[in-house]
Protein chains: 2
Amino acid sequence: MDVSSRRIERVKLDELSGSLGFLLRLAQLRAFEDFFSDRGPRGLKPGEFSVLWVIARNPGIRQSLLGQRLMIKRAHMTKLIRVLEDLGLVSRRTPEADRRAVELTLTAKGRQAVETSSTEFFSYEEATGEPLNDGERTQLISLLQKYVGLREGEAR
Amino acid sequence: MDVSSRRIERVKLDELSGSLGFLLRLAQLRAFEDFFSDRGPRGLKPGEFSVLWVIARNPGIRQSLLGQRLMIKRAHMTKLIRVLEDLGLVSRRTPEADRRAVELTLTAKGRQAVETSSTEFFSYEEATGEPLNDGERTQLISLLQKYVGLREGEAR
DNA sequence: TATTGTTATACTCTATAACTATA
DNA sequence: TATAGTTATAGAGTATAACAATA
C-alpha cells in the first residue's frame, strides 16, 4: 500500500465544518479513540472512573445530584451504580432525613481503585490534545468549561 | 418547590473539570440536548443529516471515505446507508473501475430533504452556544476544527 | 495478500414509561 | 401532588469477527 492511500482524500464539508454540534461529536470520538488506542482496555472505563471520582470528592452525594452533574439519567444511574456496587467499589445508604434518597460513598476498595486509575487517567490527559499546542489546549478547556456551565465568569 | 432546589448544588470535581475528554463528553451531551429540546423530533436526525449533507457536497463519494471523514465504522455505515436507501434518499452504484466499491449519490428526494433540513439545522446552529458570546463561540469552533483535523494551519 | 463492503452478534448508552416508597 | 429511585423494555450507536467479491 502506498502512502497516498493512507491520507484521507479531501471531502467538502462547507457549512457543516462550522457546526458546533458536529465538531463536538467528532472531537469526542477523537478523544475516546486516542484514549483507548494508546493502551489496551484497562480496569475502569471513563464513565465509571468519573462516577467514582466524583463520589470520592463528594462522599455521601445523592444519586440524583451526581446524575445531574454528570448528565446521566436516573434510570441509567441505577444500573451504573449497581454494577459498581457489585464490584464492591461503592456503597449505598438511605439517609434518615429523607428515606427516598440514596447516599453514595466509596468502599476502601473503591477508594483504592480511584487512586490507582487517577494517575493513569490524568497523566493521559496531560499528554493529549495532539494537534493543539499547550496554549490552545488550555483555551479549549477553558471555553468548554464555560459552555458546559462549570464556570460562572468569563471563559478566559 | 422552592427556587433553591432548582439550582444544582455544588459538586466538587477538582482535576476532572480540567479533563478534555470529560469536558467534550459533557459538551456534546449539552449540544444534543439543546438541539432536541428546542423542537420536537423532526425528520432527520443529526447523524443522518450530516451523512446526506456530505453526499450532497461530494456526489459519488465512496462509503469508505465518507465513513473515515465522519468517523463512522464500516459495519455501521452499511446499516446507516441502507436505512437512507430504504427511505429513497440515497442511491448506490458500483463503479466499473473498482467493483468492490460503492459510490453514493442523493436521489431527487434526498436532495430535497437536505435542502429543507439544512435551513433548520444551520439556523439552529447560529443560535446556539448559549453561555458563550459570539467571539468565544467562534474561537471554540476554531479550536475544535484544529483538534479534529479540519484545519491544517493554526487554530486562529 | 489487501481492500471494500456485508452479515451476524453482542454490548453499551440512552429514552421512556410505569411503578414503589416516601415526602 | 411531587420527588428519589427502580424496573422493564426498546432503540441507537458501536465493536468485533467472519465472510464474499474484487484488486
Side-chain angles (χ1 to χ4, degrees), chain A residues 1-9 25-26 28-33 35-37 40-41 44-51 60-86 90 92-104, chain B residues 1-6 8-9 25-26 28-33 35-37 40-41 44-51 60-68 70-86 90 92-104:
Chain A
M1 175 194 316
D2 66 353
V3 184
S4 66
S5 65
R6 278 263 174 247
R7 225 179 291 140
I8 295 187
E9 295 163 47
R25 178 176 158 276
L26 285 195
Q28 213 230 312
L29 288 174
R30 204 209 121 100
F32 272 59
E33 193 179 69
F35 185 80
F36 285 111
S37 69
L44 293 174
K45 285 172 281 184
E48 294 170 342
F49 172 74
S50 64
V51 166
I61 191 175
R62 304 251 172 118
Q63 267 190 215
S64 50
L65 180 57
L66 179 58
Q68 278 169 41
R69 184 66 281 177
L70 299 183
M71 296 183 83
I72 298 170
K73 292 262 159 55
R74 281 181 308 157
H76 188 206
M77 204 61 189
T78 297
K79 286 188 276 187
L80 230 166
I81 294 296
R82 173 137 57 232
V83 170
L84 296 175
E85 197 181 21
D86 290 349
V90 166
R92 299 144 39 88
R93 71 173 276 275
T94 303
E96 279 310 313
D98 184 345
R99 315 243 345 265
R100 296 170 302 180
V102 172
E103 290 180 351
L104 304 171
Chain B
M1 174 195 316
D2 65 353
V3 184
S4 66
S5 66
R6 278 265 174 242
I8 296 188
E9 297 164 48
R25 179 177 158 273
L26 285 195
Q28 212 230 314
L29 288 174
R30 204 210 122 102
F32 271 59
E33 193 179 69
F35 185 81
F36 286 111
S37 68
L44 293 173
K45 285 171 281 183
E48 294 170 342
F49 172 75
S50 63
V51 166
I61 190 174
R62 305 253 171 115
Q63 265 189 217
S64 51
L65 181 57
L66 179 58
Q68 278 168 41
L70 300 183
M71 295 184 84
I72 298 170
K73 291 261 158 57
R74 281 182 308 157
H76 188 206
M77 205 60 190
T78 298
K79 286 189 278 187
L80 230 166
I81 294 297
R82 174 138 57 233
V83 170
L84 296 174
E85 197 181 20
D86 289 349
V90 166
R92 298 142 41 87
R93 71 172 276 275
T94 305
E96 279 309 314
D98 185 344
R99 316 240 346 261
R100 296 170 302 180
V102 172
E103 290 180 352
L104 304 172

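Chain letters run A, B, ... following the sequence lines, proteins first and then strands; every chain starts at 1.
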Peer 1: Check the distance between D/dT22's P and B/E103's CD and give it to me in whole angstrom.
Peer 2: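 B/E103 atom CD is separated from D/dT22 atom P by 16 Å.
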
Peer 1: Looking only at heavy atoms, what is the nearest atom pair of B/I72 and B/H76, with distance?
Peer 2: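 Looking at all heavy atoms of both residues, the closest pair is CG2-ND1, 3.6 Å.
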
Peer 1: For D/dT6 and A/R92 - does any side-chain N or O of the residue sit under 4.0 Å from the phosphate oxygens OP1/OP2?
Peer 2: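 Looking at the OP1 and OP2 atoms of D/dT6, one of them is under 4.0 Å from a side-chain N or O of A/R92.
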
Peer 1: Provide, to the nearest angstrom, the distance between the NZ atom belonging to A/K45 and the P atom belonging to C/dC11.
Peer 2: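 From A/K45 NZ to C/dC11 P: 11 Å.
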
Peer 1: For a quick test of reading the model, state the closest non-hydrogen atom pair linking A/P95 to A/E103 and the distance between them.
Peer 2: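 Where A/P95 meets A/E103 most closely, the heavy atoms are CB-OE2, 3.4 Å.
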
Peer 1: Walk me through it: do B/L66 and B/R62 pass the test side-chain contact (heavy atoms from CB on, under 4.5 Å)?
Peer 2: CA-CA 6 Å; B/L66 179 58; B/R62 305 253 171 115; over 6 Å; no

Peer 1: Compare the minimum distances between each of D/dT6, D/dT16, C/dG5 and the side chain of B/Q63, then state the nucleotide with the smallest one.
Peer 2: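 Given the options D/dT6, D/dT16, C/dG5, the side chain of B/Q63 is closest to C/dG5.
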
Peer 1: Under the side chain to side chain contact (heavy atoms under 4.5 Å, CB included) rule, collect the residues that match up with B/R92, sequence neighbours excluded.
Peer 2: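 Partners of B/R92 under the side chain to side chain contact (heavy atoms under 4.5 Å, CB included) test: B/Q63, B/I81, B/E85, B/V102, B/L104.
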
Peer 1: May I have the distance from A/Q68 (atom CD) to D/dG5 (atom C1'), rounded to whole angstrom?
Peer 2: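 Answer to the nearest Å: 13 Å.
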
Peer 1: Identify the heavy atoms of A/T94 and A/R99 that sit nearest to each other, and give their distance.
Peer 2: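 Closest approach of A/T94 to A/R99: CG2-O, 3.4 Å.
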
Peer 1: Output yes when at least one side-chain N/O atom of B/R82 is less than 4.0 Å from OP1 or OP2 of C/dT7, else no.
Peer 2: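 Affirmative; the distance criterion is met.
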
Peer 1: Rounded to the nearest Å, what distance is computed from the CD1 atom of residue B/I72 to the P atom of nucleotide C/dT6?
Peer 2: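 Interatomic distance, CD1 of B/I72 to P of C/dT6: 14 Å.
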
Peer 1: Between B/R30 and B/E33, does any NZ, NE, NH1 or NH2 come within less than 4.0 Å of an OD or OE carboxylate oxygen?
Peer 2: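 No, B/E33 and B/R30 are not salt-bridged.
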
Peer 1: In this structure, how many angstroms lie between the P atom of C/dT14 and the CE atom of A/M77, rounded?
Peer 2: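 The distance from CE of A/M77 to P of C/dT14 comes to 12 Å, rounded to the nearest Å.
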
Peer 1: Take atom CG of B/D86 and atom P of C/dT6, then tell me their distance rounded to the nearest Å.
Peer 2: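 Distance check: B/D86 CG to C/dT6 P gives 12 Å.
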
Peer 1: Do B/K79 and D/dT14 have a side chain to base donor-acceptor pair shorter than 3.5 Å?
Peer 2: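 Pair found.
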
Peer 1: Please give, in whole Å, the distance from D/dG13 C1' to A/L26 CG?
Peer 2: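 Atom-to-atom, A/L26 to D/dG13, this comes out as 15 Å.
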
Peer 1: Is B/S64 near enough to C/dG5 that one of its side-chain N or O atoms lies under 4.0 angstrom from OP1 or OP2?
Peer 2: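 B/S64 to C/dG5 OP1/OP2: side-chain N or O found under 4.0 Å.
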
Peer 1: Could you state the interatomic distance from NZ (A/K45) to CG (A/L80), rounded to the nearest 0.5 Å?
Peer 2: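 One finds 8.0 Å between NZ of A/K45 and CG of A/L80.
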
Peer 1: Can you see if the side chain of B/R74 gets near the phosphate of D/dA18 - specifically, an N or O under 4.0 Å from OP1 or OP2?
Peer 2: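 Answer no for this pair, as no side-chain N or O of B/R74 is under 4.0 Å from OP1 or OP2.
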
Peer 1: Atom CG of B/L84 and atom P of D/dA12: how far apart are they, to the nearest Å?
Peer 2: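 Taking atom P of D/dA12 as the reference, CG of B/L84 is at 13 Å.
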
Peer 1: For DNA chain D, which residues of residues 95-102 of chain B approach it to below 4.0 angstrom with any heavy atom?
Peer 2: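 Residues of residues 95-102 of chain B under 4.0 Å from DNA chain D: B/A97, B/D98, B/R99, B/R100.
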
Peer 1: Taking for each residue the nucleotide of DNA chain D bearing the nearest heavy atom, is the 5' side occupied by A/R25 or by A/H76?
Peer 2: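 Its nearest nucleotide lies further toward 5', so the answer is A/H76.
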
Peer 1: If the cut-off is 4.0 Å, is B/K73 near the phosphate of D/dA15, judged by side-chain N/O to OP1 or OP2?
Peer 2: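 B/K73 to D/dA15 OP1/OP2: side-chain N or O found under 4.0 Å.
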
